[in-house]
Amino acid sequence: MVRVQEIPLRKIHRPLPRQTDQAKVAALMESIQQMGQQEPIDVLEVDGEYYGFSGCHRFEACQRLGQETIFCRIRRAPRSVLRMHLA
């Protein structure tokens with residue numbers, strides 16, 4: 001089951017380093033300031049903890065804008081699925 005809600009940025013673990021295109025982050029910051037976040041990022045919920053593996057540009061844009069929360073599409077998963085993402 002997938003649900004969509006806002007989650008505090010500080011509660012989302014980003015275990016894999018990502019390279020971000022700073023021009024894309026800047027464009028997203030401008031868009032989010034004007035229209036709000038249009039597309040949620042995808043996170044896994046494992047044992048009550050949130051893990052983000054996609055949406056790195058949106059995540060960074062929201063961080064740099066000083067937002068405390070981010071709109072997320074949440075999928076609950078067992079630890080075995082988390083391990084697959086980390087492999």
- [ ] Could you go through the side-chain contact (heavy atoms from CB on, under 4.5 Å) check for Arg14 and Phe59 one step at a time?
- [x] CA-CA 10 Å; Arg14 306 286 299 181; Phe59 187 88; 3.9 Å; yes
I want to check something: taking the side chain as every heavy atom from C-beta on, are [X] and [Y] in contact at a cut-off of under 4.5 Å?
X: Pro78; Y: Val46; value: no
X: Thr69; Y: Ile7; value: no
X: Ile32; Y: Gln67; value: yes

Open item on the list: Does Tyr50 form a side-chain contact (heavy atoms from CB on, under 4.5 Å) with Leu44? I'd like the steps, not just the answer.
Closed with: CA-CA 6 Å; Tyr50 300 105; Leu44 286 177; over 6 Å; no
So, taking the atom named [atom1] in [X] and the one named [atom2] in [Y], what distance separates them when rounded to the nearest 0.5 Å?
X: Cys56; Y: Gln63; atom1: SG; atom2: CD; answer: 11.0 Å
X: Leu82; Y: Met84; atom1: CG; atom2: CE; answer: 10.0 Å
X: Gln19; Y: His57; atom1: CD; atom2: NE2; answer: 9.5 Å
X: Ile41; Y: Ile74; atom1: CD1; atom2: CD1; answer: 9.5 Å
X: Cys72; Y: Gln5; atom1: SG; atom2: CD; answer: 8.0 Å
X: Lys11; Y: Ile70; atom1: NZ; atom2: CD1; answer: 15.5 Å

- [ ] Evaluate the side-chain contact (heavy atoms from CB on, under 4.5 Å) criterion for residues Tyr51 and Val43: first the C-alpha distance (whole Å), next the side-chain angles of each, then the deciding distance (0.1 Å), finally the verdict.
- [x] CA-CA 5 Å; Tyr51 297 88; Val43 297; over 6 Å; no
TODO: Give every residue pair that meets the salt bridge (Lys or Arg N to Asp or Glu O under 4.0 Å) criterion with at least one member in residues 56-80, sequence neighbours excluded.
DONE: Glu39-Arg73, Asp42-Arg73, Glu45-Arg76, Asp47-Arg79, Glu60-Arg64
- [ ] Taking all non-hydrogen atoms of both residues into account, name the closest pair between His85 and Phe53 and its distance.
- [x] CB-CZ, 3.6 Å
